[in-house]
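Here is the structure we will look at.
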Amino acid sequence: MKTISILGSTGSIGTQALEVAKAGNMRVAAIAAGRNIDLLEAQAREFCPDLVAVFDTALAEKLKDKLSDTSIRVLAGEEGVLAAATHPDAQIVLNAIVGIAGLRSTMAIIEAGKTLALANKESLVTAGELVMAAAKKKGVSILPVDSEHSAIFQSLQGVPEGSLQKILLTASGGPFFGKTRAELEKVTLEDALKHPNWSMGQKITIDSATLMNKGLEVIEAAHLFSVSADDIEVLVHRQSIIHSAVELRDGAVIAQLGTADMRLPIQYAITYPERLPCPCGRLSLAEIGSLTFAHPDTETFECLALCIEASRKGGLKAAAVNGANEAAVALFLEKKIKFLDIPRLVRLAYEAQPDVDSFTIEDVFEADKAAREIVLKNYK
């Protein structure tokens with residue numbers, strides 16, 4: 001029986017991970033979340049973890065009262081989340097915290113020598129060099145949870161080292177595939193939240209609409225698989241059946257296919273290397289009939305191009321792009337800016353971030369803060 005901890009347990013990835021843990025008869029040592037204490041209480045009562053962490057201190061006190069009839073410890077703040085991340089019994093920790101807020105947990109999990117199931121792409125986007133170096137030093141495995149990176153990881157199983165030629169990173173294209181910049185001037189928040197294939201949280205759904213999510217995935221893949229952005233080809237694949245593929249140096253292409261169900265990559269990460277039965281739907285290629293592919297329009301969807309530039313530049317450029325995007329998307333969700341203001345503000349932050357050759361975790365947070373400030377000063 002595996003013992004796991006889940007950070008971000010009340011989000012889309014976290015709730016599905018608990019489904020997988022239940023189906024696989026796993027022990028849940030700790031769970032952590034930000035604000036949804038009603039769901040967190042229900043999860044705590046069902047899975048009986050040793051501890052529950054709530055980032056919001058006031059809400060942690062409320063949850064403590066709710067769970068006072070149990071022996072479950074309730075911890076608060078970043079310290080509490082880090083305690084959940086490093087629970088001594090956890091063999092594998094799923095980090096599904098949203099945004100750069102998950103970076104410190106990623107580093108703590110690695111430092112504790114735990115296997116890391118990574119759904120927090122921002123850890124690698126903003127500090128990939130530091131994260132991968134720490135994992136190598138501690139001998140920690142990082143198992144990707146994102147469907148695309150899981151597909152690449154699965155496609156590389158059994159491939160001899162040095163055989164990878166190129167990564168084929170697929171994208172659904174979001175709700176606005178094929179639209180011009182003039183058409184994007186008129187789109188609404190409601191339009192942007194209508195993803196054609198996946199059911200996700202609001203932030204990642206907007207990122208999919210701008211293709212920022214795919215750009216962040218380029219940066220993440222470059223770090224995870226030790227390649228450059230130039231070795232990654234983004235392909236718009238509207239059906240979301242091929243989750244990604246790899247091209248090997250002999251010309252062979254190996255892909256991972258499946259239905260649009262996150263439970264499969266989540267389960268593979270937390271049960272690796274085993275292949276257990278999964279409740280997700282089965283794929284029928286005959287019913288699908290055909291698969292299509294197209295190059296992305298990086299002129300219209302500028303966020304993707306900015307991320308590729310940031311990956312090539314290295315340093316803190318990616319941290320600036322990520323921080324600016326988080327701030328801009330928050331404004332868009334509040335209907336304070338238009339859709340095309342997102343790439344405009346991200347570019348301002350990207351251009352303002354100086355080039356650096358080396359940096360620390362604290363430098364990453366400073367770059368993130370500076371990028372957010374640029375967005376807030378320039379959004380009107």
Side-chain angles (χ1 to χ4, degrees), residues 118-129 131-133 135 142-157 159-174 177 198 204 207-208 210-258 265 269 291-322 325 343 346 350:
L118 187 62
N120 174 257
K121 65 169 57 69
E122 290 82 3
S123 291
L124 288 176
V125 168
T126 62
E129 294 173 36
V131 170
M132 296 307 293
I142 299 179
L143 304 174
V145 171
D146 274 356
S147 61
E148 295 83 357
H149 300 85
S150 176
I152 297 162
F153 180 67
Q154 292 180 61
S155 297
L156 287 171
Q157 296 304 300
V159 172
E161 190 174 346
S163 299
L164 178 62
Q165 184 75 29
K166 181 169 65 172
I167 286 171
L168 302 173
L169 188 68
T170 56
S172 70
F177 175 68
W198 296 91
I204 192 172
D207 284 350
S208 179
T210 61
L211 291 195
M212 170 59 81
N213 194 51
K214 203 52 49 181
L216 297 178
E217 288 176 3
V218 168
I219 301 170
E220 183 182 7
H223 289 299
L224 266 177
F225 303 106
S226 301
V227 299
S228 73
D230 295 324
D231 298 321
I232 302 171
E233 180 181 353
V234 176
L235 286 173
V236 177
H237 169 50
R238 296 296 280 165
Q239 295 84 10
S240 294
I241 296 300
I242 294 179
H243 297 306
S244 277
V246 296
E247 179 185 314
L248 306 182
R249 62 184 180 182
D250 59 3
V253 174
I254 301 175
Q256 186 264 327
L257 289 72
L291 303 175
T292 61
F293 305 92
H295 293 298
D297 180 356
T298 52
E299 291 186 10
T300 301
F301 295 90
E302 189 183 359
C303 286
L304 174 56
L306 281 168
C307 287
I308 293 171
E309 286 181 35
S311 185
R312 287 175 179 148
K313 280 277 189 180
L316 293 168
K317 288 287 191 180
V321 165
N322 181 75
N325 179 67
V346 171
Y350 170 83

Test item: [X] side-chain N/O and [Y] main-chain N/O as donor-acceptor pair under 3.5 Å:
X: Gln165; Y: Asp250; result: no
X: Ser155; Y: Ala151; result: yes
X: His237; Y: Ile242; result: yes

Side-chain heavy atoms of [X] within contact of [Y], under 4.5 Å:
X: Ile254; Y: Val246; result: yes
X: Leu143; Y: Leu118; result: no
X: Cys307; Y: Val321; result: yes
X: Leu224; Y: Phe153; result: no

Sequence neighbours excluded, the answer for salt bridge (Lys or Arg N to Asp or Glu O under 4.0 Å) partners of Arg312 is Asp230
By salt bridge (Lys or Arg N to Asp or Glu O under 4.0 Å), Asp231 pairs with (sequence neighbours left out) none
According to salt bridge (charged side-chain N to carboxylate O under 4.0 Å, His left out), does anything in residues 291-308 pair up with another residue at least two apart or in another chain? List the pairs.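 Applying salt bridge (charged side-chain N to carboxylate O under 4.0 Å, His left out) to every pair that reaches into residues 291-308, excluding sequence neighbours, yields Glu302-Arg347.
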Applied to residues 233-247, the salt bridge (charged side-chain N to carboxylate O under 4.0 Å, His left out) test, sequence neighbours excluded, yields Lys166-Glu233, Lys166-Glu247
Residue list, side-chain hydrogen bond (donor to acceptor under 3.5 Å, both in side chains) with Ser226, at least two apart or on another chain: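 side-chain hydrogen bond (donor to acceptor under 3.5 Å, both in side chains) check on Ser226 returns nothing, list empty.
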Mind checking side-chain hydrogen bond (donor to acceptor under 3.5 Å, both in side chains) for Glu122 and listing every partner two or more places apart, or none if nothing turns up?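 Per chain and number, Glu122 pairs via side-chain hydrogen bond (donor to acceptor under 3.5 Å, both in side chains) with Asn120.
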Distance in Å, [X] [atom1] paired with [Y] [atom2], rounded so as to fall on 0.5 Å steps:
X: Ile232; Y: Ile167; atom1: CD1; atom2: CD1; answer: 5.0 Å
X: Leu168; Y: Leu235; atom1: CG; atom2: CG; answer: 5.5 Å
X: Thr126; Y: Leu316; atom1: OG1; atom2: CG; answer: 9.0 Å
X: Glu309; Y: Thr298; atom1: CD; atom2: OG1; answer: 9.5 Å
X: Thr210; Y: Asn325; atom1: OG1; atom2: CG; answer: 6.0 Å
X: Ile152; Y: His243; atom1: CD1; atom2: NE2; answer: 12.0 Å

Let me see the working for Leu164 and Leu156 under side chain to side chain contact (heavy atoms under 4.5 Å, CB included), right down to the final yes or no. CA-CA 8 Å; Leu164 178 62; Leu156 287 171; 4.1 Å; yes
If you look only at distance, which donor and acceptor atoms sit under 3.5 Å apart when one is on a side chain in residues 212-223 and the other is two or more places apart or in another chain?
from   : atom 1 : to     : atom 2 : distance (Å)
Asn213 : OD1    : Lys121 : NZ     : 3.2
Asn213 : ND2    : Glu217 : OE2    : 3.1
Lys214 : NZ     : Glu148 : OE2    : 2.9
Lys214 : NZ     : Thr170 : O      : 2.8
Lys214 : NZ     : Glu217 : OE1    : 2.6

Contacts of Glu161 that satisfy side chain to side chain contact (heavy atoms under 4.5 Å, CB included) - sequence neighbours left out |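 Glu161: no side chain to side chain contact (heavy atoms under 4.5 Å, CB included) contacts found.
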Applying side chain to side chain contact (heavy atoms under 4.5 Å, CB included), name anything that partners Ser150, two or more places apart in sequence or on another chain.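 Per chain and number, Ser150 pairs via side chain to side chain contact (heavy atoms under 4.5 Å, CB included) with Gln154, Pro265, Tyr268.
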Those residues at least two apart in sequence (or on a different chain) that pass ring pair (Phe, Tyr, Trp, His ring centres under 6.0 Å) with Phe301 are none
Nearest heavy-atom contact between Asp146 and Ala119 is OD1-O, 4.2 Å
- Message: Testing the basics here: between Val236 and Pro296, what is the closest heavy-atom pair and its distance to 0.1 Å?
- Response: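 Looking at all heavy atoms of both residues, the closest pair is CG2-CA, 3.8 Å.
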Evaluate the side chain to side chain contact (heavy atoms under 4.5 Å, CB included) criterion for residues Tyr350 and Lys313: first the C-alpha distance (whole Å), next the side-chain angles of each, then the deciding distance (0.1 Å), finally the verdict. CA-CA 11 Å; Tyr350 170 83; Lys313 280 277 189 180; 3.5 Å; yes
Using side chain to side chain donor-acceptor pair (under 3.5 Å), reason through Ser244 and Gln256 one step at a time and then give a plain yes or no.
CA-CA 6 Å; Ser244 277; Gln256 186 264 327; over 6 Å; no
